[in-house]
2 protein chains.
Amino acid sequence: MSTEARNTEQKIIASARMVFHQKGLKGARMQDIAKEAGINQALLHYYFRTKDKLFHQVFEEDLFRFMSPLATIMSKTGIDLETRISQIVEYYVEGLTESPNLPLFIVQELTSNPDRLVSIMQKIKQDNLSGNRQVMQNFIYQIEEGIREGKYKKIDPVQFIVSLIGMCVYPFIARPLLKEVFQMDEDQLHQLLIQRKEEVTNYAFSILLKP
Amino acid sequence: MSTEARNTEQKIIASARMVFHQKGLKGARMQDIAKEAGINQALLHYYFRTKDKLFHQVFEEDLFRFMSPLATIMSKTGIDLETRISQIVEYYVEGLTESPNLPLFIVQELTSNPDRLVSIMQKIKQDNLSGNRQVMQNFIYQIEEGIREGKYKKIDPVQFIVSLIGMCVYPFIARPLLKEVFQMDEDQLHQLLIQRKEEVTNYAFSILLKP
DNA sequence: GTCTATAAGCTGATAGAC
DNA sequence: GTCTATCAGCTTATAGAC
């Protein structure tokens, strides 16, 4: 494979990602991707024989990017829960600022084809050297331990985790709604997201810690 | 308009809603909608001349259903903040159980075409006899007042509201992800959603109320 | 109002020259 | 590897009979 080929290939993937994120699998046009990459449709098919193959490559990488850090943070050892929570919030709120459409894209495509998830999950699990279930159960166990010690309130660990991720991810998913409801422009929304990191971390501690 | 016509029309809208919720605007096929309604494509076009018109009718109603109760609850007078919060959580967690795909559908289509929002928002505002901004500012003011009185923690009202809605809506949006990550079947997920009402209400109070 | 048959347009994919 | 030209299939939309 020549250098030129790798360049073109990478350019295509980057363009495809942009278009897929904006329009989804069904809404994206091969013509748009080609144009964005500065090539024509025939060359696009030369590199990736079908739209599905191209999509799969983009999506797999995206899902991995979205899920893997979470699994990594959760499976780290020798780290207290407060730090773990801060890192999760930090990853999502900071990391997603660069790819604000990522969460909606993933959830959208996963809903219309849930089968995709299974195979990709395998890789994430392998990367973290343990089954995903174990990763979660480790994190859950740490919460339960804190509750037993009387340090945390008596909450449901799963509900807590869902809430934590929800608080981080929702503003990215519901961006157009927020802009309209709170009458914000792009700049104000950006400000909200920056400040959100600290705010959500505090909320999580409020939920968890006994007064 | 004959009785038959109203029946067929309603049947079409119900079928269209089902298909649009599952596949989105781009993914939905007029053929699927017709089949679901037990008619053929020509009759579909007889009632709604284009796919876009049919979609718009469904979407407008859905967005109204999704947003209006929130605006109504928020603009109610003579009601304390705790009750207001309980009602919001109740509406979303209970109400959305019947249309679990509604939030993702709305956010998805709104992202790919944000212009839709503006015109529909007008109607919602009119229905609640006040500008949406006023509704929100009323709610925000109530929070600020509690903070001044020393009853609530010093939080950002907008961040709080976004978090509250996020905690309610996120599990519906991320359903396939939750099922895989927590290894749940449809029944367990349903249980989680039922219990969620009380849990999220408590979380909101934990965030808000001073110890 | 409801149907069958068909037109018109778009989109992914390929053939073949360079 | 990259291009132009074109095909084949699908999907929306319409014509016209009943």
Side-chain angles (χ1 to χ4, degrees), chain A residues 1-62 105 108-109 111-113 115-116, chain B residues 1-62 105 108-109 111-113 115-116:
Chain A
M1 194 187 284
S2 74
T3 310
E4 198 53 35
R6 239 194 305 281
N7 283 346
T8 306
E9 197 175 318
Q10 288 309 309
K11 188 107 180 83
I12 289 174
I13 290 182
S15 304
R17 169 161 293 120
M18 189 176 303
V19 176
F20 281 137
H21 278 203
Q22 268 174 27
K23 313 224 178 156
L25 170 58
K26 295 282 184 183
R29 299 287 90 118
M30 291 299 266
Q31 174 56 32
D32 298 339
I33 296 172
K35 193 180 171 189
E36 184 67 40
I39 58 171
N40 60 45
Q41 227 169 318
L43 195 56
L44 198 56
H45 281 87
Y46 173 80
Y47 279 95
F48 303 87
R49 295 204 69 73
T50 67
K51 185 184 182 183
D52 268 344
K53 280 199 204 312
L54 178 55
F55 176 80
H56 192 266
Q57 184 133 341
V58 170
F59 186 73
E60 188 166 310
E61 207 181 304
D62 278 343
F105 173 63
Q108 188 177 327
E109 301 302 339
T111 299
S112 73
N113 190 352
D115 294 339
R116 288 189 218 282
Chain B
M1 193 186 287
S2 75
T3 310
E4 198 52 35
R6 240 195 303 281
N7 283 348
T8 306
E9 197 175 319
Q10 288 309 308
K11 187 110 180 82
I12 289 175
I13 290 183
S15 304
R17 169 160 293 117
M18 189 177 302
V19 176
F20 281 137
H21 279 203
Q22 267 174 26
K23 315 225 177 153
L25 170 58
K26 294 283 182 182
R29 298 290 89 117
M30 292 299 266
Q31 174 56 31
D32 298 339
I33 295 172
K35 193 180 170 190
E36 184 67 40
I39 58 171
N40 61 44
Q41 232 169 313
L43 195 57
L44 199 56
H45 282 87
Y46 174 79
Y47 280 95
F48 303 87
R49 294 203 68 71
T50 68
K51 185 185 180 181
D52 268 344
K53 280 200 205 311
L54 178 55
F55 176 80
H56 192 267
Q57 184 133 341
V58 170
F59 186 73
E60 188 167 309
E61 208 181 303
D62 278 344
F105 173 64
Q108 188 177 327
E109 301 302 339
T111 300
S112 72
N113 190 354
D115 294 341
R116 290 189 216 283

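In what follows, chains carry the letters A, B, and so on, assigned in the order in which the sequence lines appear, proteins first and then strands, with residues in each chain numbered from 1.
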Report the distance from atom [atom1] of [X] to atom [atom2] of [N], rounded to the nearest whole Å.
X        : N       : atom1 : atom2 : answer
Lys51(B) : dA13(D) : NZ    : C1'   : 12 Å
Asp32(B) : dT11(D) : CG    : P     : 8 Å
Leu44(B) : dG1(C)  : CG    : P     : 15 Å

Just so I know, are the side chains of [X] and [Y] near enough to count as touching, which here means a heavy-atom distance under 4.5 Å?
X         : Y         : answer
Phe48(A)  : Glu9(A)   : yes
Lys51(A)  : Leu54(A)  : no
Leu25(A)  : Gln108(A) : no
Glu109(A) : Asp62(A)  : no
Met30(B)  : His45(B)  : yes
Arg29(A)  : Lys23(A)  : no

Exercise. Would you please classify the geometry between the Phe55(B) ring and the Phe20(B) ring as parallel, tilted or perpendicular, with 30° and 60° separating the classes?
Key: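 Because their plane-to-plane angle is over 60°, the rings of Phe20(B) and Phe55(B) count as perpendicular.
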Quiz item: Short question: side chain of Asn7(B), backbone of Gln10(B) - any donor-acceptor pair under 3.5 Å?
Solution: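 Flag not set: sc Asn7(B) to bb Gln10(B) has no pair under 3.5 Å.
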Quiz item: Are Arg17(A) and Glu61(A) close enough, and set up right, to give a salt bridge (charged side-chain N to carboxylate O under 4.0 Å, His left out), and what steps lead you there?
Solution: CA-CA 10 Å; Arg17(A) 169 161 293 120; Glu61(A) 207 181 304; 3.6 Å; yes
Quiz item: What residues in residues 19-29 of chain A put a non-hydrogen atom under 4.0 Å from any atom of DNA chain C?
Solution: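 Per residue number, the list reads Ala28(A), Arg29(A).
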Quiz item: Near DNA chain C, which residues from residues 52-61 of chain A have a heavy atom under 4.0 Å away?
Solution: none
Exercise. Indicate whether OP1 or OP2 belonging to dT14(D) is found under 4.0 Å from a side-chain N or O atom of Arg49(B).
Key: yes
Quiz item: Is any side-chain nitrogen or oxygen of His45(A) closer than 4.0 Å to OP1 or OP2 of dA13(C)?
Solution: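 The answer is yes; a side-chain N or O of His45(A) sits under 4.0 Å from OP1 or OP2.
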Practice problem: At under 4.0 Å between heavy atoms, which parts of nucleotides 2-9 of chain D does protein reach? Answer with one letter per nucleotide, 5' to 3': B base, S sugar-phosphate only, - none. | Solution: BBB-----
Exercise. Just do the salt bridge (charged side-chain N to carboxylate O under 4.0 Å, His left out) check on Lys11(A) and Glu36(A) with the steps written out, would you?
Key: CA-CA 9 Å; Lys11(A) 188 107 180 83; Glu36(A) 184 67 40; over 6 Å; no
Quiz prompt | Shortest non-hydrogen separation from Val19(A) to Ala28(A) and the atoms involved | solution = CG1-CB, 3.7 Å
